Amino acid sequence: MLLVDIDFCSLADLDDIYAIEEAAHGHPWPYEIIESDLRHKTGQIFYIGARWNGVLCGFGACRREKSSLKIMNLAVHPDFRRNKIGTQLLIAMGEIGIRLGCKRATLEVRITNYAAQLLYEELGFRRIKVIPHYYEDSEDAFLMESPLPFPAISVATKNNGTHL
Ligand SMILES: CC(C)(COP(=O)(O)OP(=O)(O)OC[C@H]1O[C@@H](n2cnc3c(N)ncnc32)[C@H](O)[C@@H]1OP(=O)(O)O)[C@@H](O)C(=O)NCCC(=O)NCCS
């Protein structure tokens, strides 16, 4: 596990975020969308970054939708994977959701993206339904949902008596 620093991203992180986005997704979000989010939607869409020795190695994006936190994106640079960075980013987004008063978190994931599904299930997400042809290449998505705080985190906290 790499213990990373997690903080909010700013426009200064745009190129690094996009490099990770391009490396992580076959169909990356357009650069202009991320730029517009970072410029104009800072109070609505939250981009958080994981930094190791100052280098951005992963990011997540989320927003509140009524009483739910929508996890909109999660990506870790290929060189940094399997170090629990995705897990740390998700936990941080869960904390944002709790502070925004959200009772649950939801997300969509490609039905063939087993790695991400495993990660989400480890934190407490469960599959709710299939959304047919959700992606632009027509692949189906699973809608997944978890209560907040994430069940896995609540159990760990109860067991060792620590607080996040
Ligand atoms: C999915 C992704 C964010 C995971 O990031 P990560 O930092 O490597 O994940 P973690 O190290 O926190 O993984 C936690 C657990 O998830 C599961 N997992 C993660 N990646 C996995 C993989 N490639 N194969 C199998 N299980 C995997 C494992 O159970 C892992 O625990 P372990 O390493 O102790 O076995 C990363 O692979 C990625 O950026 N993928 C491309 C973008 C993407 O699919 N984003 C999600 C869109 S919905």
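Because the structure is predicted, anything quoted here is derived from the model rather than measured. Counting from 1, the numbers follow the sequence of the chain as shown. Ligands are counted one by one from 1 in listed order, and the atoms in each one are counted from 1 as well.
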Enumerated ligand 1 atoms positioned under 4.0 Å from heavy atoms of Ala24:
41 (C), 42 (C)

Taking the non-hydrogen atoms of His77, is any one of them nearer than 4.0 angstrom to ligand 1?
no

Output the list of atoms in ligand 1 that are nearer than 4.0 Å to some heavy atom of Ala75, sorted by atom number.
39 (O)

CD1-OH distance between Ile33 and Tyr18, expressed to the nearest 0.5 angstrom
11.0 Å

Any side-chain donor-acceptor pair under 3.5 Å between Gln44 and Arg64?
no

Give me the residue, atom name and distance of the protein heavy atom closest to atom 7 (O) of ligand 1.
Gly86 N, 2.8 Å

Work out whether the distance between some heavy atom of Tyr114 and some atom of ligand 1 is less than 4.0 Å.
no

Just verifying a value: how many Å separate Leu74 CG and Thr87 OG1, rounded to the nearest 0.5 Å?
9.0 Å

If we number the atoms of ligand 1 from 1 as shown, the ones under 4.0 Å from a heavy atom of Asn83 are 11 (O)

Using a 4.0 Å heavy-atom threshold (strictly under), name the region of His25 that reaches ligand 1: side chain, backbone, both or neither.
side chain

State the CD1-CD1 distance between Ile45 and Ile34, to the nearest 0.5 angstrom.
10.5 Å

Does Glu122 approach ligand 1 within less than 4.0 angstrom via side chain, backbone, both or neither, non-hydrogen atoms only?
side chain

Could Lys70 and Glu108 be called an ion pair, given the rule that one side-chain N must be under 4.0 Å from one carboxylate O?
yes

Among protein heavy atoms, which sits nearest to atom 32 (P) of ligand 1, and what does the distance come to when rounded to 0.1 Å?
Lys84 NZ, 3.6 Å

Shared hydrophobic cluster for Tyr120 and Val76 (ILVMFWY, side-chain gaps under 4.5 Å):
yes

Drop me the distance from Ile91's CD1 to Met93's CE, to the nearest 0.5 angstrom.
10.5 Å

Going by the order shown, which atoms of ligand 1 are within less than 4.0 Å of some heavy atom of Leu74?
3 (C), 42 (C), 43 (C), 45 (N), 46 (C)

If you have a sec, work out which protein heavy atom is nearest atom 18 (N) of ligand 1 and how many Å separate them, to one decimal?
Ala115 O, 3.8 Å

Of all the non-hydrogen atoms in the protein, which one sits nearest to atom 36 (C) of ligand 1, and at what distance?
Arg81 NE, 3.5 Å

Side chain, backbone, both or neither: the part of Phe59 lying under 4.0 Å from ligand 1 by heavy atom
neither

Using a 4.0 Å cutoff against the non-hydrogen atoms of Leu118, which atoms of ligand 1 qualify?
17 (C), 25 (C), 26 (N)

To the nearest 0.5 Å, atom CD of Glu95 lies from atom CG of Leu69 at 11.0 Å

Ile85 heavy atoms within 4.0 Å reach ligand 1 at atoms 7 (O), 12 (O)

Could you identify the single nearest non-hydrogen protein atom to atom 39 (O) of ligand 1 and state the distance to 0.1 Å?
Val76 N, 2.8 Å

Check the side chains of Arg104 and Ser67 for a donor-acceptor pair under 3.5 angstrom, ignoring hydrogens and angles.
yes

Do Ala116 and ligand 1 have an N or O pair less than 3.5 Å apart?
no

Under a 4.5 Å side-chain heavy-atom rule over Ile, Leu, Val, Met, Phe, Trp and Tyr, are Leu143 and Ile71 clustered together?
no

Per-atom contacts, ligand 1 versus Glu108 - under 4.0 Å to a heavy atom:
48 (S)

With a 3.5 Å cut-off and no angle check, do the side chains of Asp37 and Tyr47 form a donor-acceptor pair?
yes

Please identify which atoms of ligand 1 are closer than 4.0 Å to at least one heavy atom of Thr87.
10 (P), 12 (O), 14 (C)

In this structure, atom 2 (C) of ligand 1 is nearest to the protein heavy atom Leu119 CD2, 4.3 Å

Rounded distance [0.5 Å steps], CD in Glu139 versus NE2 in His27:
9.5 Å

Tell me: protein heavy atom nearest atom 48 (S) of ligand 1, and distance?
Tyr120 OH, 3.1 Å

Give the residue and atom name of whichever protein heavy atom lies nearest to atom 8 (O) of ligand 1, and the separation in Å to one decimal.
Arg82 N, 2.8 Å

Quick one: closest heavy-atom pair of Cys9 and Ile48, and the distance?
SG-C, 3.5 Å

